[in-house]
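Everything on this sheet refers to the single structure shown next.
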Amino acid sequence: MHQLGDNSEALREQVFEYARTRLEYNPPPLDGPQSPEFLRAAAGKTITEAGIGGTAALNVFAEVLAPATISTDHPNYLSFIPSAPTEASKLFDLIVSASAIYGGSWMEGAGAVHAENEVLAWLASEVGFGKEAGGVFVQGGTLGNLSALVAARHSAKRKLVQGGKQMPGKWKFICSEEAHSSLKSAAAVMDVEIIKAQVDQFGKLTGAAVEAALDGNTDSVFAIVATAGTTNFGIVDRISEIAQIANANGIWLHIDGAYGLAGIISPGSRELYAGIENADSFIVDPHKWLFAPFDACALVYKNPAIAHEAHTQHGDYLDVLTETGDWNPSDYAYNLTRRPRGLPLWFSLATHGIAAYREGVKYNIDLARQIADVIKSREDLKLVREPELSVVVFEKQGWGINEYNAWSEKLLARQQAFVVPSSHHGKPNARFAIVNTKTQLEELVKILDSMNE
Ligand SMILES: *Cc1c(COP(=O)(O)O)cnc(C)c1O
C-alpha cells in the first residue's frame, strides 16, 4: 500500500489558508505554555495506526498546540533573544519546505549553495574579511561556536605537528566570564579547558585581561573567543586589543557574535567592532537579529581550507562528493545533512536590500537608548548598564525575585508582553532584548508603568 503521496488538493488549500492566517497576524498572538496533562487531554491521541487525517491534525494544531506556543515575533516578546523574521523570509521558508533541496553538497544543491554563499560573502565583507572567506549556515550559535573551535584546535595541532612539537596535556581556550553558556558546552564536548578572563567595569573583555589569562598558557591555548554582543547585556568586547594579542601569539581568534554581531551593519555602530577583520572566524545568528526565521547561524572562516580539513567526513558513499573539489557546505562544520537554511535570509535581503537591514538594526539600537533614558529618568528604576546594542537591563527598587516573577506572569497572563526576569551577580533584574522592528517605545513605557500597578 502506498498512500503517502495521496494528499488531497483540499488539504493543500487548508494548509495554505492557515499559513496565510498566521502570516497576516498583526500582531501575532503571544499565547503561552500549558501543562503536559492539559495538552494530552485537549489534543487527544494523534499518532495512530490509521492516522486521524490532515484536516483533524491541522485543527489540533490550530486550536490546541499553536496556542500553547509563544510567538517570538510578538513586538513585546522581550525575553531571552527573540526572533522577528521578515514576512519575505517567512514566505521563502515555505518554498524551502516545499522543495526537497539538499544543502550539503554542491553537486546536489549548487543553486541554493550559491545563494547562501552570496549572503555569507556579504557578511564576511561587513566584517572586513577577504574574498577567500567562506563558511556555512548551521543550526544555531551553539553548533557554530563548536565548529569554529574544532577548526581552531585542528589548526593549532597542525602547527605543532609541522613544527615537530609535543601536544599539550590539555588544550585550552580563553573567553570572558560574560561569554555565552554554549562555550562551556563546546569545551565539555571537546574535552578542553576554559580559561575565564575577567571583564572590566564595562563588562568587556580587554587585551590586558587576555594577556593575563594567556600568561604561562601560550603552548596550550588554541583559541581566544571574543564576544561581539553578550547575551546578557549586549556588550562588545575590546576586539582590536584582543586581536593584537591573538595575532602576535599566532592564536586563532573567534568572534561569538550570535546575537550582537548584527549590530555591525548599523551606521554608527561599526567602531564598536574595530579590529574584527583580524579575527579568524565569526558567527552571527540570522534568527536572532537579522530578521530571519529559526534556525540559522552564519559561520564564517577567514581561511576555510583549515575548517574543511577539520570537518570533512570521509566515507565510501561520500567520496564521490568530497573528492570533487566542489564547495560542499557540509565540510565546514560539525554537520552533514543540512537544509539550505540560509535561503530565507537570502530572499529577504534580495527583496529589501541591505540598506533596509541597516535601518532595522539601527532602529532597535536607537529604541534601546530611548527606553534606557526613560528608565534613568525614573526614581524607582535603575539602569544596570548603558546599552551598547539593543539589550536594556534594569532593576526596580525594593524588588526581589518574587516581585519580578509575579510581574512577569501578570504581563503574559493578560497577553501584554513576555518579559522574564534575569539576574546579574545573583541580583534579579528585568531585561528587554529588542530585535523586532515592530517594537514601539510607547509599549515599552507601558511595560515600565505596569511595575507600579
Ligand atoms: C544565543 C547565543 C549563542 C547560542 O546560539 P544558539 O543559536 O541559541 O545556539 C551563542 N553565543 C551568544 C553570544 C548568544 O547570544
Side-chain angles (χ1 to χ4, degrees), residues 70 72-73 77-85 123 127 135-150 152 173-190 194 196-197 199 203-205 223-239 242 253-264 272-273 276 279 281-300 333-335 338-339 341-342 344-345 361 364-365 368 385 387-393 420 422 424 431-436:
I70 302 182
T72 57
D73 57 345
Y77 181 127
L78 302 161
S79 295
F80 313 113
I81 304 281
S83 182
L123 291 169
V127 163
V136 53
F137 286 94
V138 294
Q139 172 269 329
T142 299
L143 204 50
N145 280 336
L146 172 66
S147 299
L149 288 167
V150 166
F173 69 83
I174 295 172
C175 65
S176 94
E177 53 199 349
E178 292 279 339
H180 190 263
S181 54
S182 57
L183 294 169
K184 211 161 125 187
S185 287
V189 170
M190 295 171 74
I194 295 184
K196 283 220 168 148
V199 293
K204 289 173 183 272
L205 182 62
I224 298 164
V225 181
T227 305
T230 58
T231 322
N232 288 334
F233 286 103
I235 298 294
V236 181
D237 288 340
R238 297 200 190 282
I239 297 174
I242 298 166
L253 174 60
H254 173 63
I255 307 292
D256 178 1
Y259 149 64
L261 185 49
I264 201 170
L272 273 177
Y273 306 84
I276 194 168
S281 57
F282 68 81
I283 63 160
V284 57
D285 281 4
H287 65 221
K288 281 183 170 167
W289 202 14
L290 285 171
F291 316 110
F294 298 129
D295 42 19
C297 162
L299 161 63
V300 177
Y334 187 70
N335 64 177
R338 63 179 294 278
R339 169 188 182 83
R341 59 170 61 80
L345 175 59
V361 171
N364 289 148
I365 293 173
R385 270 194 211 297
E388 258 181 12
L389 296 173
S390 67
V391 177
V392 184
V393 182
V420 296
S422 183
H424 184 55
R431 174 176 166 278
F432 291 164
I434 305 166
V435 296
N436 189 329

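Read the numbers this way: they start at 1 and go in the same order the structure lists the ligands and their atoms.
- Which parts of ligand 1 touch D285 is read off a 4.0 Å heavy-atom cut-off, strictly below it: atoms 5 (O), 6 (P), 7 (O).
- S182 counts as a contact of ligand 1, since one of its heavy atoms falls under 4.0 Å from the ligand.
- Each of the atoms 7 (O) of ligand 1 lies under 4.0 Å from some heavy atom of H287.
- For atom 11 (N) of ligand 1, the nearest non-hydrogen atom from the set L183, T227, D256 comes from D256.
- For ligand 1, the atoms sitting less than 4.0 Å from at least one non-hydrogen atom of G141 are 4 (C), 5 (O), 6 (P), 7 (O), 9 (O), numbered in the order shown with element in parentheses.
- Atom numbering of ligand 1 starts at 1 in the shown order; those under 4.0 Å from a heavy atom of Y259 are 15 (O).
- In this structure, N145 is part of the shell of residues with a heavy atom less than 4.0 angstrom from ligand 1.
- Put simply, the side chain of H254 reaches to within 4.5 Å of the side chain of I283, judged on heavy atoms.
- Contacts between Q139 and ligand 1, counted as non-hydrogen atom pairs separated by less than 4.0 Å, are absent for every part of the residue.
- Near A258, the atoms of ligand 1 lying under 4.0 angstrom from a non-hydrogen atom of the residue are 2 (C), 3 (C), 10 (C), 11 (N), 12 (C), 14 (C).
- A heavy-atom distance below 4.5 Å is not found between the side chains of T230 and V391.
- When each atom of ligand 1 is checked for a heavy atom of T231 under 4.0 Å away, the hits are 12 (C), 13 (C), 14 (C), 15 (O).
- No donor-acceptor contact under 3.5 angstrom links the side chains of H424 and N232, judged on distance only.
- For P286 against C297, the heavy-atom pair with the smallest separation is CD-CA, 3.9 Å.
- Contact check for I276 versus I255: side-chain heavy atoms found under the 4.5 Å cut-off.
- Close approach of ligand 1 to G140 (heavy-atom distance below 4.0 Å) involves ligand atoms 7 (O), 9 (O).
- Taking every non-hydrogen atom of T142 and a distance limit under 4.0 Å, the qualifying atoms of ligand 1 come out as 4 (C), 5 (O), 6 (P), 9 (O).
- In this structure, I194 and F173 have side chains that are in contact, with non-hydrogen atoms separated by less than 4.5 Å.
- Side-chain contact between L123 and L261: absent, with no pair of heavy atoms (C-beta onward) separated by less than 4.5 Å.
- Remark: of the listed residues K288, R339, R341, R341 is the sole one forming a salt bridge (Lys or Arg N to Asp or Glu O under 4.0 Å) with D295.
- Side-chain contact between L205 and E178 is absent, with no heavy-atom pair separated by less than 4.5 Å.
- Nearest protein neighbour of atom 4 (C) of ligand 1, counting heavy atoms only, is H180 CE1, 3.4 Å.
- Counting only heavy atoms of the protein, atom 2 (C) of ligand 1 lies nearest to K288 NZ, 2.2 Å.
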